[in-house]
Structures are given as structure tokens and as C-alpha cells.
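Every chain is numbered from 1, with letters handed out A, B, ... down the list of sequences.
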Protein chains: 2
Amino acid sequence: MASARQISGPCQAWPEDSAFIREVLDRIGDKWTMLIISTLSAGSLRYSDVQASIPGISQRMLTQTLKHLERDGLITRTAYAEVPPRVEYELTDLGRSLMDAVTAMAEWAATHHGEIASNRAASALTGVGRGKAPVSAPAG
Amino acid sequence: MASARQISGPCQAWPEDSAFIREVLDRIGDKWTMLIISTLSAGSLRYSDVQASIPGISQRMLTQTLKHLERDGLITRTAYAEVPPRVEYELTDLGRSLMDAVTAMAEWAATHHGEIASNRAASALTGVGRGKAPVSAPAG
DNA sequence: CGGAATCCGCCTGGATACTG
DNA sequence: CAGTATCCAGGCGGATTCCG
């Protein structure tokens, strides 16, 4: 990655894709969507397998998120009319393409989460981010 | 992007970075964080400029999100002890590195949001994602 | 097994008013 | 200008119950 934005001239902000950021965040920013997609990246899985792979998820949220993902074409749902009902969910190409972008996010997190934790711990000591900044005028 | 995961052997799921996904999503998945970071990518900005750049944000959310970002070391806060108070916010290197990953997300959104909208519209007609699937046994 | 429907707590975040 | 503090609504999501 690291070379994604310098097309089209100077390094000015990109005001018009704020909407895109919000759009994608509204879609994947919820509590379970990315976990499900990441789980499904292993291949086709049935409902109960997805549920077992994501400890703590409720049936309500699993079903709801699955439906949203299906509706948006990120996963496919295949119901088998068998005596023990079976339903399999699988990532579409679109869903897999999303995985790439999210993988970048996860790798960023893996790389920097220690750094963030340190910063946060340091801030707790110095009081940064919680009122009363030193107020030393740096450029007077 | 599109070439991020095939290192380290076969295409098996990566179960242990579920935590990382959640961690990064908890941090940037909220309503305003990414918008602020994206706004600050243009350079140093003062409080009111950030607010003006993000229509709809309340002072409460702006201040709160700014503090969180500062606490995590993603942005720096510089207060000038002038008569008209001035405070400037700027992305740190860490914050800028996050921009890369998020840019990938935004580009994904820009590329596929039309596709998603189509899928969603089609689903509304076929009833997919909202009860009563055809239940045609594909492999039974 | 794979859901659907209902109830409800909690937390995010908007509106407003006040301060330094 | 740059916040802080309080109040409050909406919805996200957990727990439970019932259905095909």
C-alpha cells in the first residue's frame, strides 16, 4: 500500500470521499461484520460453524449481520432442504475484495497496537488527552 | 492492494487476529474518528477549522474524539497561549500510517459502492436477505 | 438446526447551556 | 475561540422464547 494517494497532483485533502469513508464504516464498523467476513474467508461455513467460530455473538446479531452481508452481495447463502436443516454461507468475490482492504487494517493494527498502548499509558501519566495541557507556547 | 494475504502458505483463516480487527474497529469504527483523521491529513488545523470541515459534528464529539486520538498518539495537540485562544491539531506519523490503510478502505468503497447498491436493490426485488429463500437444494 | 420475534439495558452521540 | 458539563433520545445489541 503506502503509495495510494499521490496520484492526481499535490497532497491536498480528498474532501469528496468523506462520504465513502462513512459508507464503508457504516457497513463494516459494527460489532460483528468484519469478524464474520474474516471467519468466512476460510471458505464455506454453516450457520452453527460461524457461530462457533465467533465466541460471544448472539443468534440475533449473527442472523442479522449475515442478512445484511447477503443483501449487499458480500456473501452468498445456500439453504439445503434436508431433514437436519443446513445452510451454508460463503464469501463472494466482492466480499473477498473487501477482505484485502481489511487485512491491511488488521496488519496495521498488529504492527502498531503496541505503540498505541504505549502512547495511551504515557498519556495516562502525563495527563495528555484528559484536561490541563502544559500550554507552553511553542512558536510564540 | 489485492496481494496482501498469500504470504505464509495456504489460504487458511487467521483466527488469532480477530482481536486485532476488533481493536482497530473499536478505535476507528465510531462515527467521527476517520473523518477527523482524513481531515487532518491535509495538515495542521485548528479546532474550529476541523469542525468546519466536518459538517454535522457536535463540539462534544469533536472534542472527545480529538482527545482519544491524542491519547493514542495518532494526533498532536498544540495550544497557543494567545489572547484569542488557538489550538492546532496535527497527524503524527502513526496517524499518517493509519491513513494508508484507511485509504485502501475508501478506495474499496469508491470502487464497489455502486456494486453494493445494485446488489441491495436486486435483493429488495428478489426478497434475498429478507425471509423466504427459494430453498432449492443445489447439491441434495 | 436455523432461524424469527420480543423485551430491554446500555452506550453512542446530538442539543443545549455555561466557562476561561 | 476552545472547550466542559448535563440532559436525553435512538438504536445497537444481548437474553430469552418460540417456530419450521
Between [N] and [X], is there an OP1 or OP2 to side-chain N/O distance shorter than 4.0 Å?
X: A/Tyr47; N: C/dA4; result: no
X: A/Lys67; N: C/dA4; result: yes
X: A/Ser48; N: C/dG2; result: yes
X: A/Arg46; N: C/dG3; result: no

Output the rounded distance in Å from [atom1] ([X]) to [atom2] ([N]).
X: A/Glu82; N: D/dG20; atom1: CD; atom2: C1'; value: 15 Å
X: A/Asp30; N: C/dT12; atom1: CG; atom2: C1'; value: 14 Å
X: A/Arg86; N: C/dG2; atom1: CZ; atom2: P; value: 9 Å
X: A/Tyr89; N: C/dG2; atom1: OH; atom2: C1'; value: 7 Å
X: A/Gln51; N: C/dG3; atom1: CD; atom2: P; value: 10 Å
X: A/Leu62; N: C/dC1; atom1: CG; atom2: P; value: 14 Å
X: A/Glu70; N: C/dG2; atom1: CD; atom2: C1'; value: 13 Å
X: B/Tyr80; N: C/dG20; atom1: OH; atom2: P; value: 24 Å

Of all heavy-atom pairs linking A/Ala109 and B/Val24, the shortest is CB-CB, 3.8 Å
Side chains of [X] and [Y], donor plus acceptor under 3.5 Å:
X: A/Glu88; Y: A/Ser44; result: yes
X: B/Asp30; Y: B/Thr33; result: yes
X: B/Glu90; Y: B/Thr76; result: no
X: A/Thr63; Y: A/Tyr47; result: yes

Of A/Pro85 and A/Met61, the one whose nearest nucleotide on DNA chain D sits closer to the 5' end is A/Met61
Report the residue (A/Trp32 or B/Pro84) whose heavy-atom-nearest nucleotide on DNA chain D is the more 5′ of the two. B/Pro84
Under the rule for side-chain contact (heavy atoms from CB on, under 4.5 Å), what residues qualify as partners of A/Glu23, not counting sequence neighbours? A/Phe20, A/Arg27, B/His113
With the criterion being N/O to N/O and under 3.5 Å, what pairs connect the protein with nucleotides 16-18 of chain C, and how long is each?
none

With distance as the sole test, does [X] use its side chain to make a donor-acceptor pair with the main-chain N or O of [Y] at under 3.5 Å?
X: B/Arg46; Y: B/Tyr89; result: no
X: B/Thr92; Y: B/Leu74; result: yes
X: B/Asp49; Y: B/Leu45; result: no

What nucleotide among [options] has an atom nearest to a side-chain atom of [X]?
X: B/Arg77; options: C/dG13, D/dG13, D/dG3; answer: D/dG3
X: A/Lys31; options: C/dG14, D/dG14, C/dG20; answer: D/dG14
X: A/Thr63; options: D/dG14, C/dA4, C/dG13; answer: C/dA4

Student check: side-chain heavy atoms of A/Val102 and A/Ile37 closer than 4.5 Å: no
In degrees rounded to 10°, what angle is found between the helical axes fit to the five outermost pairs at each end of the helix from C/dC1-D/dG20 to C/dG20-D/dC1? 40°
